[in-house]
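Notes follow once the structure below has been shown.
Heavy-atom basis, side chains included; hydrogens, waters and symmetry copies ignored. Note that the structure is a prediction, hence the values are computed from the model and not measured. Residue numbers start from 1 in every chain, and the chains themselves are labelled A, B, ... in the order their sequence lines are given, proteins ahead of strands.
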Amino acid sequence: MRSNTIRVVFFISILFSIIIFAVAYGSVGHSPAANSYANQDEWAQTPGQYIGEEVEVSGIVTSTDPYTISTDFGIDGTMQVTVEGVENDITKGEELSAFGTLTDNRHLIAHRTSHRNQWETEYMYLISALGVLWVVRRIFQGWTVNRSQLGIEPRQTRRKQATDDTDA
Amino acid sequence: MPDLLSHALLGYALGTALSIRYEWFTPQWVTVIMAGAMVPDIDKVSLFLSDPLMEQLLAKPFAWEVIHLPIGSALLCIAGAITIITPYRRRVLALLLLGAASHIALDQLAIFTTGYSYPQLWPLTYYHFPAGDLYQSSDRLPALISAGLAIAAYTFKNRVNLPEKPTSKE
């Protein structure tokens, strides 16, 4: 049906336009006046251009005296960055994020830091996966594909419905 | 930005609250808001196909983060709504957008390393908004609070509806 062809074309165009917007957004330079700062993917390969500027970096703490974090950047780069101005109770193995002034190629004086244990990050990913699975399950319970109209529609009755009251 | 379970629970609470107000708002529609609440975090595909990798593949700058902005999320919601058959399409679009908006609003309250969140109004302006600074994305409290809201909404809905349900057929 012609209207379905239009829908498919429109769908592909929207996805394509998202790619275009992603390229456009990726092209915008960083601007402290707009509260936008470079992260390690941007400054790590050409740190000289950022010395004296505020940047952000995050990684795993490998030493506490002085505070040093090990972090990845770009596709396969890794580096060690010394961070000053960090509170004293952060321990080795924790994840540290810092925002501050780059004073040397791999040296930052932090104005703001946040830290967390690696298990907290793992918890975050695990519980996020649970959230996604819950939503996906609900989608399969409540919606179905209408092949003749080439689209998705709500089911007449939800699948695996024990009683009318439960909807979790 | 909290974990996705917190976003799903907030979407559930919102949808359940709406289902109290509107007769037609069945669990299927609650699911649509919840799905919308997942949309902005589709930018996390960058964990598998990083920005630098995409830039190498396309030979152009690239930032998945645009999906987390209102403009990127709105476009994805439109794409999602196109997959729905005509009678339901507009409603799905509206609810997906509502869910995505709830996600963006909740993320705005998080701690960001620089103290500023996203340029929500891009491409109108590149201004990054000050972040709410209330919680880290790995904190457990957001999930507890949104679970509380979800339970409250569920309880209220079932208490409100209970007197109208026939308990026996005669």
Side-chain angles (χ1 to χ4, degrees), chain A residues 3 7 10-11 14-15 17-19 21-28 31 34-37 39 41 54 56-58 73-75 97-99 112-114 116-117 120-121 123-125 127-132 134-135 138-139 141-143 146 149-155 158 164-165 167-168, chain B residues 3-9 12 16 26-28 30-31 34-35 38 41 50-56 58 60-67 69 71-72 75-76 78-79 82-88 111 113-116 119 122-123 125-130 136-138 140 143 154 158 165:
Chain A
S3 67
R7 272 174 66 208
F10 198 44
F11 182 78
I14 299 270
L15 293 186
S17 73
I18 293 174
I19 304 282
F21 272 109
V23 171
Y25 185 62
S27 311
V28 184
S31 158
N35 305 322
S36 158
Y37 304 94
N39 63 25
D41 285 335
E54 289 181 302
E56 51 174 323
V57 68
S58 61
F73 63 89
I75 295 173
S97 296
F99 168 64
R112 278 177 61 99
T113 61
S114 63
R116 65 187 180 209
N117 294 301
E120 294 182 274
T121 303
Y123 155 87
M124 181 183 74
Y125 285 126
I127 205 169
S128 291
L130 284 177
V132 173
W134 180 32
V135 176
R138 287 186 64 110
I139 291 172
Q141 281 180 316
W143 297 76
N146 180 326
Q149 292 188 57
L150 197 67
I152 299 170
E153 64 180 1
R155 288 180 187 274
R158 284 180 88 214
D164 282 336
D165 293 327
D167 62 9
Chain B
D3 54 85
L4 278 167
L5 181 61
S6 297
H7 285 300
L9 285 163
Y12 176 87
T16 304
T26 60
Q28 278 99 326
V30 177
T31 303
M34 291 170 73
M38 305 282 102
D41 266 2
S50 67
D51 284 352
L53 182 62
M54 291 300 289
E55 290 180 352
Q56 198 180 58
L58 297 172
K60 286 212 178 309
F62 193 91
W64 284 112
E65 192 178 276
V66 77
I67 286 174
L69 304 181
I71 189 163
L75 285 170
L76 270 179
I78 292 172
I82 291 173
T83 67
I84 309 294
I85 64 171
T86 316
Y88 307 100
I111 294 171
T113 311
T114 59
Y116 297 95
W122 187 84
T125 165
Y126 193 48
Y127 178 73
H128 286 56
F129 286 80
Q136 284 204 61
S137 40
S138 54
R140 273 68 66 201
Y154 177 83
N158 288 300
K165 279 197 183 339

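- Looking only at side-chain heavy atoms (C-beta outward), Thr113(B) and Tyr37(A) stay at 4.5 Å or farther from each other.
- Contacts of Met34(B) with chain A are made by both backbone and side-chain atoms, with heavy-atom separations under 4.5 Å.
- Of the two parts of Ile78(B), only the side chain, counted from C-beta on, holds a non-hydrogen atom closer than 4.5 Å to a non-hydrogen atom of chain A.
- Here the shortest heavy-atom pairing between Ile139(A) and Ala35(B) reads CD1-CB, 4.3 Å.
- Heavy atoms only, all atoms of each residue included: Val135(A) and Thr31(B) are closest at O-CG2, 4.3 Å.
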Assess the residue pair Ile111(B) and Arg112(A) against the criterion (side-chain contact (heavy atoms from CB on, under 4.5 Å)); give the C-alpha distance rounded to whole Å, side-chain angles, the decisive distance to 0.1 Å, and a yes or no. CA-CA 11 Å; Ile111(B) 294 171; Arg112(A) 278 177 61 99; 4.0 Å; yes
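- Put simply, of Ile75(A), Asn35(A), Val28(A), the one with the most heavy-atom pairs under 4.5 Å next to chain B is Asn35(A).
- Contact detail for Ser137(B) and Arg116(A): the closest heavy-atom pair is OG-NH1, 3.1 Å.
- For Glu56(A), the part sitting under 4.5 Å from any heavy atom of chain B is the side chain, from C-beta outward, and nothing else.
- Proximity to chain B (any heavy atom under 4.5 Å) is restricted, for Tyr125(A), to the side chain, taken from C-beta onward.
- When each of Leu4(B), Thr114(B), Leu5(B) is scored by its heavy-atom pairs under 4.5 Å with chain A, the top score falls to Thr114(B).
- Under the 3.5 Å distance criterion, the side-chain polar atoms of Gln28(B) are matched with a main-chain donor or acceptor of Arg155(A).
- Scanning all heavy atoms of the two residues, the minimum distance from Ala8(B) to Gly131(A) falls at CB-O, 4.3 Å.
- With a 4.5 Å cut-off on non-hydrogen atoms, Ala129(A) does not touch chain B at all.
- Side-chain contact of Tyr126(B) with Ser36(A): a donor-acceptor pair under 3.5 Å is present, judged by distance alone.
- With a threshold of 4.5 angstrom between heavy atoms, Ile14(A) approaches chain B through side-chain atoms but not through N, CA, C or O.
- Separation of atoms CD1 (Ile19(A)) and NZ (Lys60(B)) is listed at 13.0 Å; rounding is to 0.5 Å.
- Here the CD1-CD1 distance, from Ile67(B) to Ile18(A), works out to 6.0 Å after rounding to the nearest 0.5 Å.
- The two residues Ile82(B) and Arg7(A) make their nearest non-hydrogen contact at O-NH2, 2.7 Å.
- At a 4.5 Å heavy-atom cutoff, the contact between Ile71(B) and chain A is made by side-chain atoms alone.
- With a 6.0 Å radius and a threshold of 12 heavy atoms from other residues, nucleotides or ligands, Phe10(A) has its CZ atom at or below the threshold.
- Nearest heavy atom pair, residue Arg138(A) against residue Pro27(B), reads NH2-O, 3.0 Å.
- Tyr25(A) and Glu65(B) are linked by a side-chain donor-acceptor pair at a separation below 3.5 angstrom, with hydrogens and angles left out of the test.
- Using a 4.5 Å cut-off between heavy atoms, Leu15(A) contacts chain B through its side chain alone, with no backbone atom that close.
- Only the side chain of Tyr88(B) comes within contact range of chain A, judged by heavy atoms closer than 4.5 Å.
- For chain A, the nearby parts of Leu9(B) are the backbone and the side chain; heavy atoms of each come within less than 4.5 Å.
- Side-chain contact between Trp122(B) and Phe21(A) is present, with heavy atoms from C-beta onward closer than 4.5 Å.
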